[in-house]
Amino acid sequence: MHDLVIRNATIVDGTGAPRYVSDLAVAGGRIAAIERNPGPARETVEADGLMLAPGIIDGHTHYDAQLTWDPYVDPSPAHGVTTAVIGNCGFTIAPCRPADRDLTMRNLTHVEGMSLEALRHGIAWDFESFPDYLDMLSRRGVGPNVAAFVGHSSVRTYVMGADASRRAATDTEIEQMQRLVLAAMGAGAVGFATSTSESHNGEAGIPMPSRLADTREMQALVRAMGESGRGTFMLTRGSATSIPWIEALAAACGRPTLVAAMFYNHLEPESVFTLNNEMRAARGRGHDVIPQVSCCPVTMEFTLQSPYVFESLPAWAPAMAAHGEALKRLYADPQFRAGVKEDIAGGRGLLFKGEWDKLHVVAAADPSHRSLEGRSVAELAADAGRHPLDWFLDFGLQENLGTLFTGVLLNSDERGVGRLIADPHNHVALSDAGAHLTFFCDVGFGLYLLGHWARDVGIITIEEAVRRLTGQPAAIFGIRDRGRLVPGAAADLLLFDPATVGRTKARRVNDLPAGATRLVTAARGVHGVWVNGERVADATGRIADGRMPGRVLREFAS
Ligand SMILES: [Zn+2]
């Protein structure tokens, strides 16, 4: 007797092979058979031709903290995500000494787009080492499956304390870090993750610890990961991080190396393809360097209290350290403004490069300014005869920094993004789920790839879109028994309607610890999601029955 049979499903198996119609049987959390009339079952679901695919593996999330208060990591399961890879960019919460908890939260608050209050209320500090953290997740249970990177910034803080954000490491410190990485790999880390990106800053604009690492340290740590014979190395690169430098790291560890965040920038239309070509050449030399791309336009909602889009401008640094009245004084300061204007003119920011026409007023704080909603900063400044930065900051000050702005700064050009997605080697991910919570929500990136890019635009087939969300990431991360629909594989399943699959626009909710806000979206066209054979979502969203069928994945292919 099977536990479940899904009848008359259009099977899209995750390998890229053409679809076919069949029944799929599940027993003991695994796929028992894919054939017509596989025998009796306790439960039968009539798919009526809907597509049945492996569950989505979201390769770039930041659910490390959220998992400790929300084991379901909503809203990911409702969007078809059955496995979340956490610890990306090296922003983790383990290992962490009790004395460094506040420092770790202060580092995370900024990059996660979550208030320090929310983190202080939310995180259950039930662990110290990385193995402890994985054990805690296993003990408390997880909704979807979870694979965890050991994070460079946490490892560095564990060894160096507050100095981790200030200086290079000594030989002894590097050796200590190597031992931590090796121990984490032994306990079941999916790999080692780091960031050299200028946009990654902690509270008050302090650089994330990994940004202080020199080449010697990076080499030593990826070698430690490679010594385990397993693992994926992931790095979010900064503007000065060259592909040859990354290739040398890939060579040092001899493991798949994921490079984020490869966005299309219409102001430098060829730059991302030049990097792509360099990575292709590296693969030709036997070094598995893989671009990690996003299929979503990067839309960011922000206020002048914490405007992430400006924070990679060097002249913006003092604003990250200021709050309240001091921040307002700084915004009014002509010298601060002159510095920012110079940085913008010099193209020194990673995100904002002077496109005032791409910044819009979403919601004015003062009801008398409602007529300005929906208009761009460029337009409004031109109407007022002001420099856009002066208009922008003065308007923000008038509104007591309460104006909600939005910016679509990267990945907005469909042709450019399409070219990135069409390359079959590129890993489509970058939902950043669990981070930047007040700026955007791309948890539904997989449904967007299926609905927008495969169905509407037709840049890839549905079969290929499914492969890119399932079989391909499973291979990159060494997840052996998921990402494909074959007998014997884990029953992580997504049943969807290809005619309607997609995601809704984001809306704001106040459901974080301490009542903090975040953006969420809902899924469209999803009819069922199963994790290890247990249904976690249906057409109305996640099923809140308290079950946690996910596993903490600890065994990866060598
Ligand atoms: Zn990230």
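Atoms within a ligand are numbered from 1 in the order they appear, just like the ligands themselves.
- Protein N/O/S atoms closer than 2.8 Å to the Zn ion (ligand 1): His60 NE2, His62 NE2, Cys89 SG, Asp432 OD1.
- Atom NE2 of His323 sits in a crowded spot, with more than 12 heavy atoms from other residues, nucleotides or ligands closer than 6.0 Å.
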**OP:** Could you walk me through whether His436 and His62 pass the side-chain contact (heavy atoms from CB on, under 4.5 Å) test, one step at a time?
**Re:** CA-CA 9 Å; His436 310 305; His62 292 277; 5.8 Å; no
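- With a 6.0 Å radius and a threshold of 12 heavy atoms from other residues, nucleotides or ligands, Arg140 has its CZ atom above the threshold.
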**OP:** Begin with the C-alpha distance, continue with both residues' side-chain angles, and end with the deciding distance and a verdict on ring pair (Phe, Tyr, Trp, His ring centres under 6.0 Å) for Phe192 and His152.
**Re:** CA-CA 7 Å; Phe192 172 73; His152 193 175; 5.3 Å; yes
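- Each of Phe149, Phe127, Tyr158 was scored for a ring pair (Phe, Tyr, Trp, His ring centres under 6.0 Å) with Tyr133, with one residue passing: Phe127.
- Applying the 6.0 Å contact sphere to CD of Glu555 captures no more than 12 heavy atoms from other residues, nucleotides or ligands.
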